[in-house]
J.: 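Take this structure, written in structure tokens, and hold onto it; I'll ask about it next.
The basis for the numbers below is simple: all heavy atoms, side chains too, and nothing from hydrogens, waters or symmetry mates.
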Amino acid sequence: MVTVRFLQKYLHERIPISKAMGVEVLGATVNGVKLAAPLSPNINHRETVFGGSASAVAILSAWSLLYLRLKNENINSRIVIQKSTMTYEHPIADMFTASSVVCDPSIWLKFITTLKRKNRARVKISSFLHCNGKKVGEFEGDFVAIDSQMA
């Protein structure tokens, strides 16, 4: 089982921008991943979070959920993002979080079956941004897992 501490260390070492952005793992299970990031290293000229930073934390949350779920299945795959959509609902003026979920849990079995059979599969994952208890944005991304021996 991957712990919060392990995931944070992994992200900071393997995805260095996460460390530079001050990303902290608040929760990490196969049912969801919650990351937090402070305003100061992600600030823009309007003294709110830069949109690219918000998007990056949302992507990291979704990527991390897929990473944990594949680890739980004992599958070693390379994970890449294929397509994404980000909606910004309100300016983010403080520390914010990104919480990820699998959009449609019923597709997980199909995803795993396809990955095992074809060594490649795609799944949609969402991440929701919150600041001070208010939803401020939403991310939806298609991620592709590729058998690590094929990549």
Side-chain angles (χ1 to χ4, degrees), residues 1-39 41-42 49-92 94-116 118-148 151:
M1 186 72 172
V2 174
T3 64
V4 166
R5 189 174 181 184
F6 172 86
L7 181 60
Q8 183 157 329
K9 184 176 187 291
Y10 184 87
L11 291 175
H12 286 185
E13 289 176 359
R14 300 292 185 99
I15 306 173
I17 193 172
S18 68
K19 187 173 185 178
M21 294 172 64
V23 172
E24 180 182 353
V25 179
L26 300 180
T29 71
V30 295
N31 296 316
V33 169
K34 185 173 186 178
L35 304 179
L39 174 62
N42 299 295
V49 170
F50 175 63
S53 291
S55 178
V57 176
I59 291 168
L60 279 170
S61 176
W63 182 94
S64 295
L65 178 60
L66 182 53
Y67 174 78
L68 291 180
R69 291 182 75 110
L70 288 170
K71 281 275 187 218
N72 189 59
E73 299 273 350
N74 293 316
I75 297 173
N76 290 321
S77 293
R78 292 172 86 75
I79 303 166
V80 296
I81 188 165
Q82 183 182 46
K83 179 173 74 169
S84 69
T85 303
M86 185 75 203
T87 304
Y88 303 94
E89 298 171 13
H90 301 281
I92 304 171
D94 203 351
M95 188 275 299
F96 66 102
T97 62
S99 302
S100 59
V101 296
V102 174
C103 291
D104 182 356
S106 67
I107 65 160
W108 184 253
L109 182 59
K110 181 180 176 188
F111 168 75
I112 291 299
T113 302
T114 302
L115 181 58
K116 287 179 179 178
K118 296 186 174 182
N119 299 317
R120 173 185 293 250
R122 181 177 52 210
V123 65
K124 188 177 297 295
I125 302 176
S126 293
S127 186
F128 302 93
L129 299 179
H130 287 86
C131 180
N132 295 325
K134 180 179 184 179
K135 184 178 172 217
V136 293
E138 186 171 333
F139 163 87
E140 185 175 270
D142 290 346
F143 290 83
V144 177
I146 305 163
D147 185 298
S148 59

J.: What are the two closest non-hydrogen atoms of Val136 and Pro91, and how far apart are they?
T.: CG1-O, 4.3 Å
J.: Roughly how far, to the nearest 0.5 Å, is the OG atom of Ser64 from the CG atom of Leu11?
T.: 4.0 Å
J.: For Ser106, check side-chain hydrogen bond (donor to acceptor under 3.5 Å, both in side chains) against everything at least two apart and list the hits.
T.: Asp104
J.: Return the OG to CD1 distance between Ser77 and Ile146, rounded to the nearest 0.5 Å.
T.: 8.5 Å
J.: Tell me the closest heavy-atom pair linking Phe6 and Thr3, and the distance in Å.
T.: N-OG1, 3.0 Å
J.: At their closest point, which heavy atom of Thr97 faces which heavy atom of Leu26, and how far apart are they?
T.: CG2-CD1, 4.0 Å
J.: Does the Arg69 side chain pair with the main chain of Val30, one donor and one acceptor, at a distance under 3.5 Å?
T.: yes
J.: What's the shortest heavy-atom distance between Ala20 and Pro41, and which atoms?
T.: O-CB, 3.5 Å
J.: Would you sort out whether Glu73 and Phe111 count as a side chain to side chain contact (heavy atoms under 4.5 Å, CB included), showing the intermediate values?
T.: CA-CA 12 Å; Glu73 299 273 350; Phe111 168 75; over 6 Å; no
J.: Please identify each residue that fulfils salt bridge (charged side-chain N to carboxylate O under 4.0 Å, His left out) with Lys9, with sequence neighbours left out.
T.: Glu13
J.: Using atom types as modelled, flag every donor-acceptor pair under 3.5 Å from a side chain in residues 50-62 to any protein atom, sequence neighbours excluded.
T.:
residue, atom, partner, partner atom, Å
Ser53, OG, Asn42, OD1, 3.1
Ser61, OG, Val33, O, 3.1
Ser61, OG, Ala98, O, 3.3
Ser61, OG, Ser100, N, 3.2
Ser61, OG, Ser100, OG, 3.1

J.: Go through the structure and list residues passing ring pair (Phe, Tyr, Trp, His ring centres under 6.0 Å) with Tyr67, not counting sequence neighbours.
T.: Tyr10, Trp63
J.: Who pairs with Glu138 by salt bridge (charged side-chain N to carboxylate O under 4.0 Å, His left out), at least two apart in sequence or on another chain?
T.: Lys135
J.: Taking everything shown except Ile17 itself, do over 12 heavy atoms lie less than 6.0 Å from its CD1?
T.: no
J.: Applying salt bridge (charged side-chain N to carboxylate O under 4.0 Å, His left out), can you list everything that pairs with Asp142, at least two apart in sequence or on another chain?
T.: Lys83, Lys124
J.: Might you point out which heavy atoms bring Ser99 and Lys34 nearest each other, and give the distance in Å?
T.: OG-CG, 3.4 Å
J.: To the nearest 0.5 Å, how far apart are OG1 in Thr114 and CZ in Arg120?
T.: 12.5 Å
J.: How long is the gap from CD1 on Ile81 to CG on Leu66, to the nearest 0.5 Å?
T.: 10.5 Å
J.: First locate atom CZ of Arg122, then atom CZ of Phe143, and finally report the distance between them rounded to the nearest 0.5 Å.
T.: 12.5 Å
J.: Just by modelled atom types, is the Val25 backbone N or O under 3.5 Å from a matching donor or acceptor in the Gln8 side chain?
T.: yes
J.: Check whether any side-chain heavy atom of Glu89 sits under 4.5 Å from a side-chain heavy atom of Leu129, and report yes or no.
T.: no
J.: If you take all heavy atoms of Asn31 and Val101, which pair is closest and at what distance?
T.: O-CG1, 4.5 Å
J.: Distance check, rounded to the nearest 0.5 Å: Leu70 atom CG versus Ile79 atom CD1?
T.: 5.0 Å
